[in-house]
Amino acid sequence: MTKYKSDFLNILTERGFIHQCSDFEGLDAKLNEGVQSAYIGFDATADSLHVGSLVQIMMLYWFQQCGHKPITLMGGGTTKVGDPSGKDESRKMLTETDIEKNISGIGLIFGNYLKYGGGRADALMVNNADWLDQLNYIDFLRDYGAHFTINRMMTFESVKLRLEREQPLTFLEFNYMILQAYDFVELRQRFGAILQMGGSDQWGNIINGVELGRRTIREDSEGAQLFALTTPLLTTASGAKMGKSASGAIWLNADKLPAYDFWQYWRNTEDADVGRFLKLFTTLPLDEIARLEALQGAEINEAKKVLAFEVTKMCHGETAAREAADTAAKVFEQGSVGADLPCVRLDLSAGVSFIDAACAAGLTASKGEARRIIEQGGAKVNGQPVTDPAFTLTADMISEGDAVKISTSKKKHALVKPKA
C-alpha cells in the first residue's frame, strides 16, 4: 500500500475510499503546504440525503479531521438543470420553493459530521445558485463554452449510456457538465478550493472542472493547480446498491427514517461487508476493526451491532444510538416490546385488519405483499403467528407498552397504538 506524506490520503487509502485521483503526487504535496479547501456538491433533489451519500460525507469529515477546510456545495442552481449521470430519463423539474425546502432538509445532516464556523479549518456551506443564477448566458458561452467540445462530451459514460439505451438526452441536461465544471472555477476564485471529490460516476464532470480551471484561471503565469478524487461505486457483497432497502430509501434525516430503522439497516449488514463498512462509515481505529472483522460464526453479529451503533451515533447522536440498540435488544433478545419501534396510531376500537396495519406502519409496500407474508407464515401479532388474511387487530390485544406489536419477519416490527 502506497504511503503518502499527507494524513488525509493515507487515511483514505487505508480505509478504502479511493477509486481515482487526477494526480496523487501533486495532491499529496499540496496537502502538505498548509490548510487547503476541498468540496463535494449535493444537488437538492430530495429533502434528505440517503446512505448512498454517506461515503462522500465521511470524506469531508476526514478532510477536516486532518486540519483542512471542507466545503459542502448545495446545488441550488444545478438542481434546476439535472445531472444525467446514471439516469435513464430526465430529472423532474422542481420549483424554487421545492429546491429551497430540500436544501434546508439536506443541510441539517452535515452539522453532525462537520464543524462549521469562521475558523481556517471550519466547514463552509455555499449554494451554487449564488453565481449560476446570475450568469449572462451569451457571455458565459463566449468565455467558457469554447473549452468544451461535443466530441469529448460524447465520450462520457453519462452521455454514452443514455444514448446506447436510446433514451433522450435534452440540451438542458447536456449543459450540466459545463455548469458543474464552472462551479470549480468559482470555488477556486472565491474560497481557494483545490480539490473536488465525489463518487466514481462523477469522474468526467469533476475532470471537466479541473481542466477548465487550469485553462481559465491564471496563477503565477500558469493554470490553477486543481485536483479530482473519487470513491468507488459502493455496493453490498451481494451486489445491491447502497442506500436502498426492500422498504425504501435509507434516509439520513430522522424525520424521514427513524433512528431505530437506520440502526437496523446497519445491523442487517451482510457478513462479508462488516469490515469494509466499519472502515468507511465509522471512526474506529483500524486495529479494532481488524479484530471485529475477524470474528466468526454467531460472533459476527456483535461486530454488526458495533457497526450499527457507531454509524447511528455519528448520524443521529449517541442517545439515539443507545435507544435503538436497547430497543433491538428488547425486541430480538428479550422478546418484549421496544418503545423505539416504528409506531402508528389506528382506530383499534373498530378493528383494523393486519394487512391494513402492516401497510400503515410501513412494514409492507402493498396489501398484496402483506397477504403473501401471512400466507408464507411470516406474520405475527404480539409474537403469535397470524395465518388468516382476514385477521383483525382489536383494542383487547393491547399488551406491554400500551400497543399491539405486529411483525412481518424476524427483523421487521412495528407498534400499533389506539388513536388518542
Side-chain angles (χ1 to χ4, degrees), residues 46-55 57-58 105-106 108-109 112-113 234 236 238 240-270 273-274 277-278 280-282 301 303-346 354 356-366 369-370 373 378-381 383 401 403-417:
D47 57 1
S48 171
L49 299 174
H50 59 61
V51 163
S53 297
L54 200 50
V55 170
I57 294 174
M58 289 301 295
I106 290 171
L108 294 174
I109 203 67
N112 297 333
Y113 295 86
L234 197 60
T236 66
S238 61
K241 188 176 180 180
M242 288 291 292
K244 299 283 186 179
S245 72
S247 58
I250 306 302
W251 300 105
L252 300 185
N253 287 23
D255 61 346
K256 297 274 286 185
L257 185 77
Y260 173 79
D261 291 336
F262 186 80
W263 188 96
Q264 275 296 329
Y265 173 78
W266 297 101
R267 169 62 180 82
N268 294 334
T269 294
E270 297 175 37
D273 288 327
V274 172
F277 288 178
L278 282 166
L280 290 172
F281 301 114
T282 80
N301 289 325
K304 293 180 182 181
K305 292 176 186 176
V306 172
L307 170 66
F309 178 81
E310 292 295 328
V311 180
T312 305
K313 181 176 70 172
M314 288 196 76
C315 189
H316 296 293
E318 185 166 357
T319 298
R322 293 197 181 282
E323 289 176 351
D326 290 345
T327 295
K330 290 176 183 177
V331 172
F332 301 116
E333 297 167 13
Q334 301 167 20
S336 61
V337 173
D340 199 32
L341 286 176
C343 179
V344 61
R345 290 190 177 273
L346 300 172
F354 178 91
D356 287 342
C359 290
L363 297 183
T364 59
S366 67
E369 181 186 355
I373 289 171
K380 291 184 178 181
V381 170
V404 183
K405 176 187 169 188
I406 61 174
S407 310
T408 54
S409 72
K410 291 182 179 179
K411 297 180 178 180
K412 293 184 70 175
H413 312 271
L415 302 180
V416 179
K417 293 188 176 184

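Position 1 is the first residue of the sequence, and the numbers go up from there.
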Hey, does [Y] have a side-chain heavy atom less than 4.5 Å from the side chain of [X]?
X	Y	answer
F309	E318	yes
D356	L346	no
M58	T282	no
T408	F354	yes

Can you see which heavy atom on [X] is nearest to which on [Y], and at what distance?
X	Y	result
A259	A324	O-CB, 4.2 Å
V274	K304	CG2-CG, 3.7 Å
N253	G105	ND2-O, 2.8 Å
M314	N112	O-CB, 3.4 Å
H316	L252	CE1-O, 3.1 Å
I109	C315	CD1-SG, 3.7 Å

Run the side-chain contact (heavy atoms from CB on, under 4.5 Å) check on I57 and L49 step by step: do they pass? CA-CA 10 Å; I57 294 174; L49 299 174; 4.0 Å; yes
F281 vs W266 aromatic rings, parallel, tilted or perpendicular, using cut-offs 30° and 60°? tilted
Fit a plane to each ring of Y260 and W263, take the angle between them on a 0 to 90° scale, and name the class: parallel (under 30°), tilted (30 to 60°) or perpendicular (over 60°). parallel
Supply the atom-to-atom distance [X] [atom1] to [Y] [atom2], rounded to the nearest 0.5 angstrom.
X	Y	atom1	atom2	value
T312	R267	OG1	CZ	12.5 Å
N268	L307	CG	CG	10.5 Å
M242	H50	CE	NE2	10.5 Å
I250	S48	CD1	OG	11.0 Å
L415	R345	CG	CZ	10.0 Å

When you measure from the side chain of [X] to the backbone N and O of [Y], does any donor-acceptor pair fall under 3.5 Å?
X	Y	answer
E270	S238	yes
T236	A240	yes
K412	L363	yes

List for me each residue that meets side-chain hydrogen bond (donor to acceptor under 3.5 Å, both in side chains) alongside D47, sequence neighbours excluded, and say none if there are none. K101, K256
Checking side-chain contact (heavy atoms from CB on, under 4.5 Å) for the pair L54/V311: CA distance, chi angles, key distance, verdict? CA-CA 10 Å; L54 200 50; V311 180; 4.1 Å; yes
Any residue meeting salt bridge (charged side-chain N to carboxylate O under 4.0 Å, His left out) with K380, in chain and number order, not counting sequence neighbours: none
